[in-house]
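Presented below is the structure to which this report refers.
Only a predicted model underlies this, so the values are computations on that prediction, with no experimental measurement involved. Chain letters run A, B, ... following the sequence lines, proteins first, then strands; residues in each count from 1.
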Amino acid sequence: NAGVMQNPRHLVRRRGQEARLRCSPVKGHSHVYWYRQLPEEGLKFMVYLQKENIIDESGMPKERFSAEFPKEGPSILRIQQVVRGDSAAYFCASSPRLSGGPDTQYFGPGTRLTVL
Amino acid sequence: DQQVKQNSPSLSVQEGRISILNCDYTNSMFDYFLWYKKYPAEGPTFLISISSIKDKNEDGRFTVFLNKSAKHLSLHIVPSQPGDSAVYFCAARGNSGNTPLVFGKGTRLSVIA
């Protein structure tokens, strides 16, 4: 039973380019979360998605960032026109369908984005 | 405004002794608390959790204590092992729906052989 998969593990972009980060949740999990971790900081929530729906995007910058979780395929976090401040580790987590109580989120290995 | 605080950035403990990692929170709406362990270049790994209806949860060498009136929780690891050396993150969330986690900044634990 594979865990959360993220690719690429490392991504280098020049300022102004686009970055696409992919996340495949645990099989059977229908909830996906994206978090960002800056150096020496904790993880900060960005966006929460269910299949084909954005549930909460309160932590995601309004400009340049977008996320999707299509019916088929992985969840994508897209960053347009990257800037140096976007350099961080981006983690995806998934949890199963709500079962009447809070579900534990399981994290992927992360994508380390470096903007030159 | 940091809602989950881990005030000790690092902690060193001798192998075999007890490690105590502390976490404070400010949001009284938090109802569910988790500890994650993170090795370098890996994602956080779920360790143990506790609901606000409990004050203690134990799993092997790991025990989490919750003091709701003080808005404080702690993770005890006993006996500590060198493989426990990692960054430990405290996280909290509300108990309604699959709400996002709010993380502390982490405590780096070093277990010295």
Check your understanding: Is the backbone N or O of Leu101(B) less than 3.5 Å from a side-chain atom of Tyr35(A), with the two atoms forming a donor-acceptor pair by type?
Key -> yes
**Study point:** Of Ile55(A), Val47(A), Asp56(A), the residue whose pairing with Pro100(B) passes side-chain contact (heavy atoms from CB on, under 4.5 Å)
**Key:** Asp56(A)
Revision key, fill the gap. Here the pair of heavy atoms bringing Glu42(B) nearest to Arg112(A) is N-NH2, 3.8 Å
Review point. Are Leu11(A) and Trp34(A) co-members of a hydrophobic cluster defined by side-chain heavy atoms under 4.5 Å apart?
Key: yes
Review point. Take atom CZ in Arg17(B); do more than 12 heavy atoms of anything else shown fall under 6.0 Å from it?
Key: no
Review point. What residue, out of Pro9(B), Ala41(B), Ala91(B), has the most heavy-atom pairs lying under 4.5 Å from chain A?
Key: Ala41(B)
Practice item. Hey, could you give me the NZ/CG distance between Lys38(B) and Leu43(A), rounded to the nearest 0.5 Å? Key: 7.5 Å
Exercise for review: Mind checking the CZ-OH spacing from Phe91(A) to Tyr36(B)? Nearest 0.5 Å is all I need.
Suggested key: 12.5 Å
Practice item. Heavy-atom distances under 4.5 Å only: say whether Gln37(A) touches chain B with side chain, backbone, both or neither. Key: side chain
Practice item. For this output row, return yes or no: ring centroids of Phe46(B) and Phe107(A) closer than 6.0 angstrom. Key: no
Review point. Is it true that Tyr88(B) and Leu11(B) fall in one hydrophobic cluster, defined by side-chain heavy atoms closer than 4.5 Å?
Key: yes
Review point. Within a radius of less than 6.0 Å around NZ of Lys44(A), do more than 12 heavy atoms belonging to other residues, nucleotides or ligands occur?
Key: yes
Check your understanding: So does Lys54(B) have more than 12 non-hydrogen atoms from other groups sitting under 6.0 Å from NZ?
Key -> no
Check your understanding: Crowded around Arg108(B) CZ? As in, over 12 foreign heavy atoms under 6.0 Å?
Key -> no
**Study point:** Exceeds 12 heavy-atom contacts within 6.0 angstrom, atom CD of Gln81(A)
**Key:** no
Check your understanding: Where is the tightest heavy-atom contact between Pro44(B) and Gly108(A), given as atom of each residue plus distance?
Key -> CD-O, 4.5 Å
